[in-house]
Each structure stands twice: as structure tokens, then as C-alpha cells.
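Each remark here refers to the structure printed beneath this line.
Every value quoted in this text rests on a predicted model; they were computed, and no experiment measured them. Quick note on labels: first sequence line is chain A, next is B, and so on, each numbered from 1. Because only heavy atoms are used, hydrogens play no part in the values below, and waters and symmetry mates are left out as well, while side chains stay in.
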There are 2 protein chains.
Amino acid sequence: MSGPRTEVAGYRVGGRLDQREDRLATRSRRAPPAWQQEEKVATINDVARRAGVSTATVSRALNGKSTVDPALVTRVRAAAKELGYHPNGLARNLRRQETAVLALIIADVENPFFTAIARGVEDVAQAEGYSVVLCNSDESAEKERRYIDVALQERVAGVILSPTGATSNVERLHERGTPVVAVDRPLPAGDQVLVDTRLAAREATNHLIAAGYRRIGCVTGPAGVRTANDRLAGYRDAIRAANRPELFRHGQYWAAGGKQATVELLAEPEPPDALLIANSAMAIGVLEALSEAKLRLGRDIGVVTFDDAAWATLIDPPLTVVAQPAYEIGEQAAKLLFARIGDPSPPPHTVTLAARLVTRGSTLRG
Amino acid sequence: MSGPRTEVAGYRVGGRLDQREDRLATRSRRAPPAWQQEEKVATINDVARRAGVSTATVSRALNGKSTVDPALVTRVRAAAKELGYHPNGLARNLRRQETAVLALIIADVENPFFTAIARGVEDVAQAEGYSVVLCNSDESAEKERRYIDVALQERVAGVILSPTGATSNVERLHERGTPVVAVDRPLPAGDQVLVDTRLAAREATNHLIAAGYRRIGCVTGPAGVRTANDRLAGYRDAIRAANRPELFRHGQYWAAGGKQATVELLAEPEPPDALLIANSAMAIGVLEALSEAKLRLGRDIGVVTFDDAAWATLIDPPLTVVAQPAYEIGEQAAKLLFARIGDPSPPPHTVTLAARLVTRGSTLRG
DNA sequence: TTGTAAGCGTTATCAC
DNA sequence: GTGATAACGCTTACAA
């Protein structure tokens, strides 16, 4: 944004934003064809003129201030409708020093867990008259930083994000006093909505032990990601308590990551006869690997995965899962954020939700 | 927005936006505690003062204009960094009469088909320096209208949407000259990116016929939705050409819709021995119903569904699907939109992409 | 190369 | 109850 730039023969060379600026430049340079009406967008001034009142009155009338003659209100409304007037939100927000927009920065738009969160946030936000800008950090601290910059520039009312872990990014928001709520992953000192997945992982592992599996493995997410670490920790809690051997792999929170981890685990001298999987995207890869290894779910190998995917009941036998309250996470986060927007003073608040083990056929030894 | 309002003892009663206004009012009313620094956000003026230059120079320096003394640029950058200055995007856009924001209004954030589109849009937009506001119309013309209003107010640079069918909504954008691109579903006279799903449905149906199934049914989406109609039409094209009996049901684009439709079809005097399903969410419900009816996929009943869901290969036998190029739809739509933003004059352009039949086990009579 | 100043479209603070 | 008018923070002619 404010990085170094280079000028070459009138063309700016550099980062992405330059492309945009070139485009804008191009646009404004191009004169409209003579026959084409220079279409002016109606402003509050036009409405005022047409209604024969001042802009102040138009503003008051359209914003439902009590102190306006009903007759004028009607006239103003009519004028506005005739001109197809839509108030300019930019000007309004600039003046009000407020924007009815929340930024939601999540790690993966295509992960149902996060889209469910998005829905929760959106529903609450919409009820408050706010819009939600969804941004995809793609688990990249750099993209996260960029989106936080955008949020800062656009002066959004608040930010909800699943932190990548680079706390310096979030610092920027704190410095500016922009309210922030973290979801799914913790934030050093701030509002957050978390799920006790360590406990859930422990319970799931205990469930596998109780079901009679002997060598229980774990396929978890990237070592840097907090949820991945937590789920692994919960697994280890249970494994140690039961005095069993530990057997685990990290991988990307993707099908491919799950598949590779599984292939590796199955190649161990003493392979696992049960697996705890940290996320449903990975589960897809894991199941592929198991299928290729001709292992029968439940019978040959027990499986529990985090996230209650829609398809979990379609496979045979159906998948035992750890269901996370994703929608509720979004709701709570939005509520926390609005509370913070309303009053910045109270100390940080952490909401911890519980995950729920849903037992199905994939953990029945048969 | 400009609807009727009621005043009751100082409280505004009415739609959602009023809640927001109340909140804002509340907020500004609340005086900050005496001890709390009224934290001022640094403006371009502060930077100018600190760097000992004019605001114009700051603006030029930070925007990489060539005509600035390198020494000053350094000084300005330093000052900006020290003050934690972030340009106010609202003011900038108000002045430039441009916003680097696209609105993407889709029918369902939780549908992988649409999130894949979102990714395509996002990637192209980001490369151009634009942000994307994702909005969820939930298949509701009313929500669509509301989001279009927001887009209009915020003066977004353009809109990409999967139209609910209420053309009057899109009219508003046209009136204002806001560039629009429709995806997935057609728009009377405008840019659009479509998939030839009628053809795809025909091919899929022919595939079922060729595979030896006799009574082929179709589970499609709501009668009002264009894609649902198209897919049904393609099915009928093939069925008629083969002189087979038609057998179909409409339902919501949801698992529950698919399930109910299937239950009904199976209750027919002469139930189908194969099904074409219009969307993967519905497919989940269909498969549940088939499983409850103890029908074996492929062998007892052939199944093809639209959308190549990630789990399609996990079930047994794996699902034959019609894969839609969702990501590419998003890319193309964004490109069309940028072209339109750059030059509004050319006539509307329609891009039609092909869907691809992916044959798997669920259509093998076995 | 730099500074001055005029807006961009609203809303809010004054007077009337 | 209504109307001037001054901000809001930025960009960009136009001067210097």
C-alpha cells in the first residue's frame, strides 16, 4: 500500500493496487461518447431543489427525525423517488464517523465450518442493520494483514477473525481501537469465542479406547495452528492416561493433507487400528486412503472426525463425529462484537462453547 | 430505509436499520470516561504537520506520484508510520467517486457451488486490488433487494449476483448505471455467466438410459428457479426422445427437499429405477431416502447428481455427477465485470460454460 | 517540486 | 420547524 513504487514511462509498476489505479486512471481518461448522457447521480441537493426545501430538511425527513412537518416529509419522499435518489453511504459514513460494516476474516471460505460461522455472524449483523464483508485469509498471515489493512482503511465498525497466529496483525487493530473478536482460535488479550476442542478430542479418544480399539492414531492440522495443537493435545491426554502408544501426523487442513498423513501412519511398523481426525476436509482424504488400503470402516479401523459434515451419515458405516457449534460461534462472536462496539471499556470476554461427540457406526468394532 | 417510521417516547420503532441507529445514537451519547484519552485517529493533516509539509504533498507521496522529492517521501513515510496513519478509505472514495469494492450476492453461502464461485471472484478481484463483499440472498427476493440497496448506498464498483428472479431488483442497479454480472441464472439484458445445464441434464439422462435403466426420474429444485427448470427441461428432452415415462418432483434446493421428493417418487405405483438430481444438497436427502428404502446405489437404482461434491467418491459405489465449473464461473464473472467497469458501452455479453459428466459407480447396473 | 484551496455528499450546529 | 453553513478526510487543479 505504501511500499516502494517505480515509474516507467508513465506506467506505474508494482503491486496489485497499482493495477487498480491504472484501471481507474484509464476509466476517467476515457471521455463518454457525445450521444451518451453524462448520467448524473441524484444527490441530496437535487432532492432538496426539487422538493423546494433545504438539504438539511431532506436529510432530516429521510432519516425520520421527529422535527419535520409531515407534509414536507411527503414532498421530500416523492422528490427522492422521482429522482431515484439513493443516499451516498460514503459521504454519510464520512460525516457520521461510523460504518455499518463488519469485516469477517476467515481461514477458508470453502470450509463448511467457517461458512456456518459466517451465517451466524451474518444473521446477527443483519438484525442490527450491519453488512458483513467476508474475507478469505487462506491461512496466510500476509493475506490476513492485507485484509486487516483494508478493514482499517474502510473504517469498518469491527472485525471478527480466526487469527492465523501472527499477533502483530491484530495489534494494528488494537492500536486503532477497532473492536475485534477472535473465533475458533485464541487471541492474547481480547474478546473471543472458542470451542473446548482439547476436551472434545480427549473424549473422542476415550470413546475409541472404550470401543475396544488398541492402537489409536491422530491426524491433525498444521503444527502452527492452535486448533490442530489443541486437538492433538486432547488426544495425547487420553492416550497417556490410558498408557497407549502415541501415533500421529500433522498435515494441511485439506483432503490431501489427511490422505498423506494416513498413508504414512498406515506404513508404520505397527499401524493404528483407529484414527481421530482433526477436521472434515482432512477426513475426506483419510477415508480415501483407508478405502485404497481396503480397510473397512469401524471393523478394521475406527474413525472419529471433527465437524459434523452433511455427508457423514451417507457413508457406510456412518461417521462418528465431534460436532462443533459453528453457527453459534458466529452468533456469539457477533454479539460480543456489538457489545464491544457499544461500550469499549469492559475487560476482554471469552466465550467457550462445548463440542459434542456424535456416536455412529464408524466406531463400532462390529 | 425510507419507509414509514413511528416515534414512541423518543424511541424509534420500525425496521432493522432503526436498531442500528439507536445503537449509534446510544454510542455517541455516552461520554468517554474522563481518564480515557479521547483517542484521535491520525489524519492526513497530522502527518502533514509532523512531516512539515502540506497535505497535498503527503497525499502525493503516499500515493507514489512521481513528482515528489525523494527526501520528502521518506520524511512523510516516517511521519505516517510514527502516527500509525491509515488513510481514510471513506474520504478517499468520496473524493475519487470510486470504491474498490465488489458486491457478490449469492443464493446460499453454505452451498459449495456458490462458495467456489466466490473464490473465483475473489481471486480475480484481489488481483485487481478490489475487495469483495459477500452477501447471502438466501433465495429471497426481499433480501436481495435489501443487499442491492446496500450496494447502491455504498457505491460499490460493481455487483455480481445469482438473480432470484425478481428482475425489478436488478433494474435498480441498471438505472443507477452500476455494472452488474449475473451468474448461474440469466438476466434479461446484461452480462452473464451461465452453464448449459439443460444440455448437461440431457446428457446425464441419456447416460442413464444407455446404462440400462428403464424408469428414470428427476428430482429438481423449486419451480421458480431457472436452473431447476433448465435441468428438468434437459431431462425431459432426453426422456421424450427416448419415449420413456416422465417422473419428477420439485423441491427446495436442500437435503430435506431432496428427501421428500424421493420418498414421493418411490411411493409411485411404478417407482423410478434411476434418478437425476439437480444439486448436491438435495442429493444428500435423496441418498438418505434411498438408504432407508434399502435400495442399493447403482444396482437397484441409478443416480446422477449435479455438482461434484468432495464426498461424491466416498460413498459406495461412488457417485456419478455433473461437474460444474464453479470456480471458473466466478473468474469469468469478475473479468466481465471489470471489463464493464472499464468500458460500459459494449453490448451485453453472455459466457456459457459447459458442465462435464463424470461417470462413476452409481450408474453401473452392476 | 510544493502549497493553497476547492470540492466530493452528508449530517449536525447553529441561528432564525 | 426550517435553513444556512461548517465540518468529515481526502485528492487534484491551479498557482507559485
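OP1 and OP2 of C:dG7 both lie 4.0 Å or more from every side-chain N or O belonging to B:Q97.
Read 5' to 3', the first and last nucleotides of DNA chain D with an atom closer than 4.0 Å to a heavy atom of chain B are D:dG9 to D:dA13.
At a cut-off of 3.5 Å, with distance as the only test, no side-chain donor of B:N45 or B:T43 sits close to an acceptor on the other residue.
Under the salt bridge (charged side-chain N to carboxylate O under 4.0 Å, His left out) criterion, A:D138 pairs with A:K143, B:R119, sequence neighbours left out. Contacts of B:K335 classified as side chain to side chain donor-acceptor pair (under 3.5 Å), with partners at least two apart in sequence or in another chain: none. With sequence neighbours left out, the salt bridge (charged side-chain N to carboxylate O under 4.0 Å, His left out) criterion links B:R172 to B:D149. Residues satisfying the side chain to side chain donor-acceptor pair (under 3.5 Å) criterion with B:E122, sequence neighbours excluded, are A:Y147. Qualifying side chain to side chain donor-acceptor pair (under 3.5 Å) partners for B:S54, counting only residues two or more places apart in sequence or in other chains: B:T57. In this view, B:R50 and B:E82 satisfy the salt bridge (charged side-chain N to carboxylate O under 4.0 Å, His left out) rule, not counting sequence neighbours. Residues forming a salt bridge (charged side-chain N to carboxylate O under 4.0 Å, His left out) with A:E142 (at least two apart in sequence, or on another chain): A:R145, A:R146. Shown here are the side chain to side chain contact (heavy atoms under 4.5 Å, CB included) partners of B:A157, two or more places apart in sequence or in another chain: B:E98, B:L102, B:Y130, B:I341. The side chain to side chain donor-acceptor pair (under 3.5 Å) search around A:R340 returns A:D191, not counting sequence neighbours.
A rotation axis mapping the C1' atoms of four pairs onto the next four is fitted at both ends of the helix from C:dT1-D:dA16 to C:dC16-D:dG1 over five pairs, and the angle between these axes is 40° to 10 degrees.
Across all strands, A:L90 comes closer than 4.0 Å to no nucleic acid atom at all (heavy-atom distances).
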Under-3.5 Å N/O pairs linking protein and nucleotides 10-12 of chain C:
from   : atom 1 : to    : atom 2 : distance (Å)
C:dT10 : OP1    : A:Y85 : OH     : 2.9
C:dT10 : OP1    : A:N88 : N      : 3.0
C:dT10 : OP2    : A:I44 : N      : 2.5
C:dT10 : O5'    : A:Y85 : OH     : 3.3
C:dT11 : OP1    : A:N63 : ND2    : 3.3
C:dT11 : OP1    : A:R92 : NE     : 2.8
C:dT11 : OP1    : A:R92 : NH2    : 3.2
C:dT11 : OP2    : A:S59 : OG     : 2.7
C:dT11 : O2     : A:R95 : NH1    : 2.6
C:dA12 : O4'    : A:R95 : NH2    : 3.0

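Rounding to whole angstrom units, CZ of residue B:R75 and P of C:dT1 are separated by 15 Å.
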